[in-house]
Amino acid sequence: MLWPGRLLLLLHVQPCSSSSSRWGFLFNFLLLLCLISVTRSSSAEELLLRSLRSSSPRERQEEEGQSSLTKPRQQTDKRSAANWETVRTITGDFVNITWPVKRAATVDGQIVLGGLMMVHEREEKSTCGRIMRQGGIQAMEVMLYTIDQVNQHFNMTDLLPGIQLGAYVLDDCDKDTYGLEMAVDFIKGSISTLDGEYKCPDGSTPVVPYKVIPGVVGAASSVTSIQVANLLRLFKIPQISFFSTSSELSNKDRFEYFSRTVPSDANQTRAMVDLVKLLNWTYISIVYEESAYGIQAFATLQMLLEESKICIAMREKLPKDSGKAGERHYDELVDRLKLKPQAKGVIVYGSDQEVAELMRSIRRRNATGMFTWIGSDGWSARTAVSENNELQVEGTLSFQPLSHPVADFETYFRSLTVANNQRNPWFVEYWEDMFQCKYFNSTLTPYNVKWEEECTGEETYDKSGPFALEMEGQLQFVSDAVLAFVHALRLMHRDKCAGLPGLCEEMNPNDGAELLRYLRKVKFVGE
């Protein structure tokens, strides 16, 4: 049971006064109850209350010294220190680090799409880990790049005539509870418009700090998408994921406002079983991630393998939802796999971080070369897995949905530098991680403190080695998610505005049910 005094805190997100405050109070109460029911976090109340009370991203950036490349980093105030882990032990010394830092990549526009990306890896103790180069930074950049391409056709009738498209992109750190907390920002604009027209005591109209987000691109992880979809459907905000493949998300009764540009796992599991039969394997093991992504896939795999008279030697879980496992757990898992030497084929259905730990354990337990891996799309072709584990992953047969490179994106990405990419607040971190150096006076993180060499900004990618640029193979699905919204808005504009450029009174892109109806009609040739 929630205390009424705590409920009143929710009303602080609504400026001045409203003639329908009673309905607003009841709505916020229902919202809080719904959010508590869709998250497994034991502190869901605190999570939502903290999110709704938090300052805007711009204010947070100023507080956290976002402009630290040009001036000394400012002292973090006590409110921020209370919200985030602020002290970490690094190399034996105590260093004050505010981590994680909430930031947002923004592009101004008349219609602003939300974005939820796994910019950082998941880290159990401090929520966010090191920067995620391929599936994180590159995925976010291709979203912004696609929006740029749309806006270059500003006055052309083939896309959005006279309408500027914007973006508001947040980082979920590949963690479902943290992603849910970030996604609350996407509904704040909707909350501020629900109680009618606000008027301040002096008769003026208040400035609402959050724009209404008509649609969200993301999340990447199926686990996070499930949590976020449960929230967004309450506010009828359409969501299009680019990497979430769990078959659980195909349930339209539960996830009415969820769509995706990537195929369901149901297709991938059938393809895996077909490959096993093609190889004439009759005795295999399965290692799967303990999440919606892995559990659903395992259930389907088990059923299809049994139908094909293929025996399963070992069924092993990679911990994820229940917490990050240590080396001992992975070593014991590998030891159990070694007990069945006849089952040389192993299907590994998981994400890159967990599979990377598995491969490190394979090396530690002297099991390199003992198994042939069949890998799912969650870790295939990911540098995070293969880096320093080349011998362990050699010979892997992995699956990825058919995709094509986004036209000219690699050239664009290679041209980005810290100097010319100020709109990406995480690009400094990416640069430091990529080239193993530290920018003078850049914000201190748990990961750049180890770099002694100073970044010049003139670093370049090598053709091979640690400084080589590895492109994510499924970026097309991110671009397609943006273009799906664009084409839906284009159809809406055509029907509502009679061909006149710009937003007309009849066109309301913030009507989620109406936008979803147009999304279901969209057909286009992707990148």
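All values below were derived from every heavy atom in this structure, side-chain atoms included, with hydrogens, water molecules and symmetry-related copies excluded. Positions are given from 1, in the same order as the sequence printed here.
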Asker: Between Phe435 and Tyr461 (judged by ring centroids, cut-off 6.0 Å), do the two rings come close enough to count as a pair?
Answerer: yes

Asker: Heavy-atom distance under 4.5 Å between the side chains of Leu318 and Val355, does that happen here?
Answerer: yes

Asker: How about Phe235 and Leu231: do any of their side-chain heavy atoms sit closer than 4.5 Å?
Answerer: yes

Asker: Could you check if a side-chain atom of Glu289 sits within less than 4.5 angstrom of a side-chain atom of Tyr349, using non-hydrogen atoms only?
Answerer: no

Asker: Would you call Asp185 and Lys188 a salt bridge, using N to O less than 4.0 angstrom?
Answerer: yes

Asker: The test is salt bridge (charged side-chain N to carboxylate O under 4.0 Å, His left out); show your working for Lys175 and Glu124 and say whether it passes.
Answerer: CA-CA 9 Å; Lys175 200 175 183 71; Glu124 202 62 31; 3.7 Å; yes

Asker: Any salt bridge between Glu181 and Lys102, counting N to O under 4.0 Å?
Answerer: no

Asker: Would you say that Pro319 contacts His329 through its side chain, given a criterion of any heavy-atom pair below 4.5 Å between the two side chains?
Answerer: yes

Asker: Could you tell me whether the side chains of Asp408 and Thr411 share a donor-acceptor contact shorter than 3.5 Å?
Answerer: no

Asker: Indicate yes or no for a side-chain donor-acceptor contact from Ser244 to the backbone of Ala220 under 3.5 Å, with no hydrogens or angles considered.
Answerer: yes

Asker: Apply side-chain hydrogen bond (donor to acceptor under 3.5 Å, both in side chains) to Ser246 and Ser222, showing your working.
Answerer: CA-CA 6 Å; Ser246 173; Ser222 294; 4.8 Å; no

Asker: Does any non-hydrogen side-chain atom of Glu123 lie less than 4.5 Å from one of Tyr447?
Answerer: yes

Asker: Evaluate the side-chain proximity of Ile237 to Tyr257: yes if any heavy-atom separation is below 4.5 Å, no if none is.
Answerer: no

Asker: Would you say the side-chain atoms of Asp265 and Gln296 include a donor-acceptor pair closer than 3.5 Å?
Answerer: no

Asker: Answer yes or no: is there a side-chain heavy-atom contact under 4.5 Å between Phe399 and Ile374?
Answerer: yes

Asker: Would a 4.5 Å heavy-atom cut-off, applied to side chains only, mark Phe242 and Val217 as touching?
Answerer: yes

Asker: Looking at CH2 of Trp426 and NE2 of His120, how far apart are the two atoms once the value is rounded to the nearest 0.5 Å?
Answerer: 8.0 Å

Asker: So if I apply the side-chain contact (heavy atoms from CB on, under 4.5 Å) rule between Gln392 and each of Asn388, Asn389, Thr396, which one comes out positive?
Answerer: Asn389

Asker: For Glu432 and Ser442: C-alpha separation, side-chain torsions, deciding distance, then whether side-chain hydrogen bond (donor to acceptor under 3.5 Å, both in side chains) applies.
Answerer: CA-CA 10 Å; Glu432 292 177 332; Ser442 67; 2.7 Å; yes

Asker: Using 4.0 Å as the upper bound for N to carboxylate O, is an ion pair formed by Glu472 and Arg382?
Answerer: yes

Asker: Nearest 0.5 angstrom please: Leu416 CG to Asn424 CG, how far?
Answerer: 8.5 Å

